Amino acid sequence: MQDNPIWSLPPRKQRSRLAEDLVAKISQHMRDGTLKRGEKLPAELDIMRAEGVSRTVVRDALSRLQVAGLVETRRGVGTFVCDMPAAPELQLGPATISTAEDVLELLELRMSLEVAAVGLAAQRRTPETLQEIRVALDAIQQGAVQLPAGLPISADFQFHIKIAKAADNPHLLDIMKHLGAKQIPRNKFNSAYKAHEDGEAYKENLSLEHEMIYESIARGDVDCARAAMQLHLINSRERLLKAQRRA
């Protein structure tokens with residue numbers, strides 16, 4: 001008898017992620033009014049069939065919603081919506097970054113996030129996610145002829161986003177996406193470029209930093225990847241500090 005995928009149990013980490021996805025989906029249904037306060041949720045079996053997940057995943061998701069105070073389960077009756085989830089709020093992003101000081105503070109945050117992300121990427125990258133990083137890096141290199149007038153900011157941002165994706169941690173990726181491509185405003189970048197008298201040497205150094213990061217991930221060298229990312233972000237900070245001093 002062939003196993004039914006609905007009833008088979010995936011690895012624990014995968015079940016946890018499936019439960020998180022299900023929580024997010026039910027929460028969104030609550031926010032958009034598909035599920036209203038006081039309304040009964042579909043039965044566990046119906047959710048299992050609709051989402052193609054196991055009973056364990058459904059119960060884990062409902063338990064999380066219950067702990068958060070968003071639903072309540074009445075024995076023998078069912079599970080009901082009892083509160084609305086607040087819209088996700090993170091007071092950090094392009095709208096809050098307007099000065100050189102803001103950019104420098106954000107770089108300090110990025111050092112914590114991205115050094116961790118690149119280490120995970122070196123461990124968890126797949127051929128597909130590694131190729132995505134390479135494509136983003138190639139886009140940066142192809143646009144490098146624009147320097148020092150301006151770096152292809154979106155390509156640079158995509159390079160870092162693809163590393164976060166390769167880290168295989170949805171929370172890291174969400175935070176990076178939330179910060180947005182404007183996390184380092186173009187005018188601050190352009191100031192940093194103009195602070196360098198030797199534009200060719202600057203482009204070469206920047207290219208080398210990115211290549212070191214990519215090669216470390218490709219080799220699966222966690223320590224080297226972390227060191228390369230930290231060096232890149234420290235150098236970015238120094239370039240901005242130099243630009244600020246000259247401004």
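On a predicted model such as this, the values are computed, not experimentally measured, just so you know.
Here the shortest heavy-atom pairing between I163 and A121 reads O-CB, 3.6 Å. Summarising the geometry of L233 relative to E114, their closest heavy-atom pair is CD1-CB, 4.1 Å, with the distance given to 0.1 Å. Between S27 and L65, the shortest heavy-atom distance links the atoms OG-CD2, 3.8 Å. The minimum heavy-atom distance between V118 and M229, with the atom names listed, is CG1-CB, 3.7 Å. Annotation for I133 and A166: closest pair CD1-CB, 4.0 Å, computed over non-hydrogen atoms. Closest of all the heavy-atom pairs between D60 and A19 is OD2-CB, 3.5 Å.
Considering CZ of R219 and CZ of R125, their distance stands at 10.5 Å, rounded to 0.5 Å. The distance from atom OG1 of T79 to atom CD of Q66, rounded to the nearest 0.5 Å, is 7.0 Å. We find the CZ-OG1 distance between R134 and T129 to be 14.0 Å, quoted to the nearest 0.5 Å. Taken to the nearest 0.5 Å, the OG atom of S236 stands 7.0 Å off from the CG atom of L206. Rounding to the nearest 0.5 Å places CG of D138 at 10.5 Å from CZ of F159. With rounding to the nearest 0.5 angstrom, the CG atom of D46 is 10.5 Å from the CD atom of E44.
In this structure the side chain of Q28 never reaches within 4.5 angstrom of the side chain of T34, judged on heavy atoms. V58 is listed as a side-chain neighbour of L22, based on a closest heavy-atom distance under 4.5 Å. Side-chain contact check for Q131 versus E128: every heavy-atom pair is 4.5 Å or farther apart. Counting only heavy atoms from C-beta outward, the side chains of D156 and H210 approach each other to under 4.5 Å.
Residues I217 and M111 are members of one and the same hydrophobic cluster, defined by side-chain heavy-atom contacts under 4.5 angstrom among Ile, Leu, Val, Met, Phe, Trp and Tyr. No chain of hydrophobic side-chain contacts below 4.5 Å, direct or via other Ile, Leu, Val, Met, Phe, Trp or Tyr residues, connects V115 to L231. With hydrophobic clusters built from ILVMFWY side chains whose heavy atoms lie under 4.5 angstrom apart, L41 shares a cluster with L45. I47 and F80 are assigned to two separate hydrophobic clusters, defined by single-linkage of ILVMFWY side chains at heavy-atom distances under 4.5 Å. Under the 4.5 Å side-chain contact rule for hydrophobic residues, I213 and L130 share a cluster.
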Practice item. Go through H232 and N235 one step at a time and tell me if the side chain to side chain contact (heavy atoms under 4.5 Å, CB included) criterion holds. Key: CA-CA 5 Å; H232 172 57; N235 286 346; 5.7 Å; no
Review point. Which is it for K177 and I161 under the side chain to side chain contact (heavy atoms under 4.5 Å, CB included) test, yes or no, and what are the steps along the way?
Key: CA-CA 7 Å; K177 286 181 176 178; I161 280 291; 3.8 Å; yes
**Study point:** Full working for side chain to side chain contact (heavy atoms under 4.5 Å, CB included) between E132 and Q158
**Key:** CA-CA 9 Å; E132 289 181 0; Q158 283 301 312; over 6 Å; no
Practice item. Please lay out, stage by stage, how I26 and L70 fare under the test side chain to side chain contact (heavy atoms under 4.5 Å, CB included). Key: CA-CA 10 Å; I26 294 173; L70 300 178; over 6 Å; no
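Between E20 and K25 there is no salt bridge, since no side-chain nitrogen of the basic residue lies less than 4.0 Å from a carboxylate oxygen of the acidic one. Using a cutoff of 4.0 Å between basic side-chain nitrogens and carboxylate oxygens, D21 and R17 are not scored as salt-bridged.
No donor-acceptor pair under 3.5 Å is formed between the side chain of K162 and the backbone N or O of L137. For S216 (side chain) and M212 (main-chain N/O), a donor-acceptor pair under 3.5 Å exists by modelled atom type.
Inspection of the S16 and R64 side chains reveals an N or O donor paired with an N or O acceptor under 3.5 Å.
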